[in-house]
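Okay, so here's the structure we're looking at.
Every chain is numbered from 1 and lettered A, B, ... according to where its sequence line falls, protein lines coming before strand lines. All values reported here derive from a predicted model rather than from experimental measurement. Below, each value reflects all heavy atoms present in this structure, side chains not excepted, and no hydrogens, waters or symmetry copies.
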Number of protein chains: 2
Amino acid sequence: MPAQPSHNPPQPGSAALRADARENRDRILRAAREAYALHGIDVPISAIARRAGVGVATLYRRFPTRASLITEAFAEQLAECAGVLDEALEDPDPWRAFCSVFTKVSAMQAADRGFTHAFLARFPDDASYAGERDRAEEGLALLVRRAKEAGALRPDFDVSDVVLALLANNGVANGAQAESAAASRRLVGYLLESFRARPDVKQLPPPARLELDRLGGAG
Amino acid sequence: MPAQPSHNPPQPGSAALRADARENRDRILRAAREAYALHGIDVPISAIARRAGVGVATLYRRFPTRASLITEAFAEQLAECAGVLDEALEDPDPWRAFCSVFTKVSAMQAADRGFTHAFLARFPDDASYAGERDRAEEGLALLVRRAKEAGALRPDFDVSDVVLALLANNGVANGAQAESAAASRRLVGYLLESFRARPDVKQLPPPARLELDRLGGAG
DNA sequence: GGGTAAGTGGAGGGGTTTCTCCGTTTAGCT
DNA sequence: AGCTAAACGGAGAAACCCCTCCACTTACCC
């Protein structure tokens, strides 16, 4: 390693930063996550800077645009989602796997006001996440197919119904204020019950063409 | 009628207005409804004034605050909701009545982006709607009780689950952009199926304490 | 310790929004 | 037709927001 005088390990996103700058960067991300969880993504940049104890200029040097701060702040939770999916894909019981993903992601939505907006609406903007998104969609489709083949998930369930359910849960999570966790749990209970395969299936309205991108955020 | 020189009948909300003022008031309300339906309640006042062909000052004279314009603009749809409920209360089949209310209100939500926000969030602000709200809650409770007693609605259904379902549908309506109508129909289909009484009821998470007021809008 | 590039914070430009002030216009009664 | 109170519209004040510029400070290598 001849041309690398730096001796702090180059971590992704904060490589080759001076020690104080790195510290500030971390505090900004922490402050952003806290603020977004409490008040949603509409929190002004200045409020995040104040909470982090830095000036706005410092924030803007690390995160040149508002959207970049948002995507970075939620990268961790996005990874957690991917982990939930991976874990579920290893579960031998397809229905339990399906329930697990839906339940856990819904709980994350309910716990963090800004999560869904960042998760759904900011996805297409940043090309670096395109691969991860595709992988998630593939995994989800696999999960759904397995659950159907096992006879646990109703046959007319569409992959887009996952998005539908997440949007519905988002509406509850953002609308129910203090009760959002309990409300979300109950909605998930209802929805999982109707997703379950039954002998007397009734005709459903056709699925909507929902994509993970092209979704207008709410909240 | 000695002390009433006016000969235009005093209509609610626009009593004793000069002819041109009344005309403008109506055009403002029409413009507001159109704009809110298309773009949600975040549309700036100036855009509504422009669409109505009046100046901002004219708008502000009739509707002293932004919120007052919103409540007035949605008064009609609110009345439509009340009509839907009244109609359902006269239906001899309680389950059909229940489905009808949920389906129709959900369709209204999906058709009009700003509807829910105005409907839920603006309710408590204006005391004049308190009576109407109480009446709606009573009617809804009656509808739910009847449907349960008829053995059509599952026994552990809570009245707050109506709010839960409307919040969920709102999330879909606001998030699914162009597909919101189809998406909403499908969600309603799923939810109604899980609300229906069944022999093999599973334990649900407990209901959340949701009230029609105290709801943070998502919109 | 000293030099220097990297980092910092606050002031403010440019944009949007809600709401107000005030000089001008007009409906409607006589 | 003339008068007057009612209604009008546009400019702009006040409060936000996102983002940038620039004079000052500080970490880090020698």
(message) Has Thr103(B) got a side-chain atom pairing as donor or acceptor with Ser100(B)'s backbone, closer than 3.5 angstrom?
(response) no
(message) On a heavy-atom basis, which atom in Gln77(B) and which in Met108(B) lie closest, and how many Å separate them?
(response) O-CE, 3.5 Å
(request) Check Asp158(A) against Arg186(B) and note the closest heavy-atom contact, atom names and distance. (result) N-NH2, 3.9 Å
(request) Ignoring backbone atoms, test whether Asn24(A) places a side-chain nitrogen or oxygen under 4.0 Å from the OP1 or OP2 oxygen of dG7(C). (result) no
(message) Measuring to OP1 and OP2 of dC18(D), would you say a side-chain N or O of Ser46(A) lies under 4.0 angstrom away?
(response) no
(request) Inspect the contact between Arg113(A) and Asp42(A) and indicate whether a charged nitrogen and a carboxylate oxygen are less than 4.0 angstrom apart. (result) no
(message) Check Arg33(A) with Glu76(A), please: is the shortest side-chain N to carboxylate O separation under 4.0 Å?
(response) yes
(message) If you only use heavy atoms from C-beta on, which nucleotide in dG28(C), dA7(D), dA27(D) is closest to the side chain of Ala19(A)?
(response) dA27(D)
(message) Looking only at the side chain of Asp20(B) (C-beta and beyond, no hydrogens), which of the listed nucleotides dA7(D), dT18(C), dT8(C) gets closest?
(response) dA7(D)
(request) Mark yes or no for a side-chain to base donor-acceptor pair under 3.5 Å between Arg18(A) and dA6(C), with no hydrogen or angle criteria applied. (result) yes
What's the [atom1]-[atom2] distance between [X] and [N], to the nearest Å?
X	N	atom1	atom2	answer
Ile28(A)	dG9(C)	CD1	C1'	12 Å
Leu69(A)	dC17(D)	CG	C1'	15 Å
Arg22(A)	dA6(C)	CZ	P	16 Å
Asp26(A)	dG7(C)	CG	P	14 Å
Arg25(B)	dA6(D)	CZ	P	18 Å
Phe63(A)	dT8(C)	CZ	P	11 Å
Ile45(B)	dG12(D)	CD1	C1'	17 Å
Leu17(A)	dT26(D)	CG	P	19 Å

(message) Using the ring centroid of each side chain, check whether Phe157(A) and Phe98(A) are separated by less than 6.0 Å.
(response) yes
(request) Examine Phe74(A) together with Tyr36(A) and report whether their ring centres are nearer than 6.0 Å. (result) yes
(message) Which residues in residues 54-61 of chain A have a heavy atom closer than 4.0 Å to any atom of DNA chain C?
(response) Val54(A), Gly55(A), Val56(A), Ala57(A), Thr58(A), Arg61(A)
(request) Assign Arg62(A) to base, sugar-phosphate, or nothing according to its heavy-atom contacts below 4.0 angstrom with the strands shown. (result) sugar-phosphate
